[in-house]
Number of protein chains: 2
Amino acid sequence: MANQFGTKIKQLREANHLFQREIASALNTDTPMLSKIERGERKAKKEQVPLFEKILKVKKHELLTLWLADQVLELVSNEPVALKAIDLAQREIKGLTLNRS
Amino acid sequence: MANQFGTKIKQLREANHLFQREIASALNTDTPMLSKIERGERKAKKEQVPLFEKILKVKKHELLTLWLADQVLELVSNEPVALKAIDLAQREIKGLTLNRS
DNA sequence: TTATAATTGTCTAATTATGACAAGTCTAAA
DNA sequence: TTTAGACTTGTCATAATTAGACAATTATAA
């Protein structure tokens, strides 16, 4: 349920003609773990996200965005007030971020 | 940083002329814990949120919304792509929720 | 001061997450 | 029909995180 990150990883891996083994070793882990990450059974560690971005040749923060969205979804997706909560958080960030780009 | 829930709890507690002790005992915890929750040093357990709502006489889900927003903020608030990630999650929920009210 | 409310700090226990690995399935080539 | 490679599944010990309990401290006001 809600696995944008893993789905994308797998897509990109196949597009780049890589085996799980190759990515796994670059991340210092094994293929069972990568398999689980792709299927959303386990989550990638945050520190691994930039490594994925590098190996899979996507631009910085692209996968981070998906990874974060997954975490947010895991948190709220079964809640009756999910959208309200997200909206509140969003307003808060916009408020706290007035000084940025 | 980002403690909408705790802040609101405290406000409501004072408005209702309650001491931490009274709320704490109703939640089966102690005042140090409640103090920490109010100040955002610890987070309330999700199961406690409806108890707060009852004791503090606010309508169902009102505090849950704040509680969830805090969790979301904790997750994304320091990220460069915070807003993008939230936006993605939001779209996803809207997609998955077409069939609801 | 004394009493009450609230906060701070710390320590153990409970819970949850992670890593590692054995064993399994699946597919295709021989 | 067996061999090999890619991937998946299941389990389990351990690491890491979080919670609960409580003593001690601070703050405030009578």
Side-chain angles (χ1 to χ4, degrees), chain A residues 1-52 55-56 63-64 66-79, chain B residues 1-52 55-56 63-64 66-79:
Chain A
M1 229 258 179
N3 184 26
Q4 313 210 37
F5 181 81
T7 302
K8 187 71 175 190
I9 290 302
K10 184 171 186 183
Q11 259 178 29
L12 290 168
R13 180 172 64 82
E14 289 169 345
N16 287 72
H17 305 293
L18 295 170
F19 296 122
Q20 287 182 346
R21 148 172 54 87
E22 311 180 73
I23 295 180
S25 87
L27 296 181
N28 259 9
T29 184
D30 57 12
T31 59
M33 187 60 66
L34 184 56
S35 168
K36 286 166 189 172
I37 290 170
E38 286 186 352
R39 289 171 296 109
E41 188 185 322
R42 292 280 184 101
K43 41 189 180 194
K45 294 197 292 190
K46 197 171 165 193
E47 313 86 79
Q48 294 176 324
V49 175
L51 298 177
F52 276 110
I55 297 161
L56 296 171
L63 296 176
L64 177 60
L66 298 181
W67 186 90
L68 286 170
D70 280 352
Q71 316 304 304
V72 171
L73 284 166
E74 181 184 330
L75 208 52
V76 305
S77 67
N78 290 318
E79 300 297 336
Chain B
M1 228 252 181
N3 183 26
Q4 313 211 35
F5 180 80
T7 302
K8 187 72 174 187
I9 290 304
K10 184 171 185 182
Q11 259 177 30
L12 289 168
R13 179 172 65 79
E14 289 170 344
N16 286 72
H17 305 292
L18 295 169
F19 294 123
Q20 288 183 345
R21 148 173 53 88
E22 311 179 71
I23 295 180
S25 87
L27 296 180
N28 259 9
T29 184
D30 58 12
T31 60
M33 188 60 66
L34 184 55
S35 168
K36 285 166 189 171
I37 290 170
E38 286 186 351
R39 289 170 297 110
E41 188 184 321
R42 292 281 184 97
K43 42 190 179 193
K45 293 198 294 191
K46 197 173 165 190
E47 313 86 78
Q48 295 175 324
V49 175
L51 299 176
F52 277 111
I55 297 161
L56 296 172
L63 295 176
L64 178 59
L66 297 182
W67 186 90
L68 287 170
D70 280 351
Q71 316 303 305
V72 171
L73 284 166
E74 180 183 331
L75 209 53
V76 305
S77 67
N78 290 318
E79 299 297 335

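Here is how names work: the chains are called A, B, and so on, in the same order as the sequence lines, proteins then strands, and each is numbered from 1.
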For B:R39 and D:dT26, what is the distance between atoms CZ and C1' respectively, to the nearest whole Å? 12 Å

Evaluate the side-chain proximity of B:L73 to B:Q4: yes if any heavy-atom separation is below 4.5 Å, no if none is. yes

Once Watson-Crick and G-U wobble pairs under 3.5 Å are found, how is DNA chain D written in dot-bracket notation, 5' to 3', with | for any base paired to another strand? ||||||||||||||||||||||||||||||

State which of D:dC22, C:dT7, C:dA20 makes the closest approach to the side chain of B:K36. D:dC22

Between atom CE in A:M33 and atom P in D:dG10, what is the gap in whole Å? 15 Å

Rounded interatomic separation in angstrom, taking CD1 from A:I37 and C1' from C:dT18: 11 Å

Measure from the side-chain N and O atoms of B:W67 to the backbone N and O of B:A44, and report whether any donor-acceptor pair falls under 3.5 Å. yes

Nearest to the side chain of B:R42 - D:dA21, D:dT8, C:dT4? D:dA21

Of the listed nucleotides D:dG5, C:dT7, D:dT8, the one nearest the side chain of A:R21: D:dG5

For the residue pair A:F52 and A:L27, establish whether any side-chain heavy-atom pair is separated by less than 4.5 Å. yes

Could you check whether A:K46 pairs with B:E79 (Lys NZ or Arg NE/NH1/NH2 to Asp/Glu carboxylate O, under 4.0 Å)? yes

So the salt bridge (charged side-chain N to carboxylate O under 4.0 Å, His left out) pairs with at least one residue in residues 19-34 of chain A (sequence neighbours excluded) are none

Closer than 3.5 angstrom, by distance alone: can the side chain of B:R39 be matched with the main-chain N or O of B:S35 as a donor-acceptor pair? yes

I need the CZ-P distance between A:F19 and D:dA6, as an integer number of Å. 5 Å

First encountered from the 5' end of DNA chain D, between B:K43 and B:D30: B:K43

Atom-pair distance (CD on B:E38; C1' on C:dA5), nearest Å: 11 Å

Sorted by number, residues from residues 44-52 of chain A placing a heavy atom under 4.0 Å from DNA chain D are none

I want to verify a distance call: between C:dA20, C:dT7, D:dC7, whose nearest atom is closest to the B:P32 side chain? C:dT7

Atom NZ of B:K10 and atom C1' of C:dT7 are separated, to the nearest Å, by 10 Å

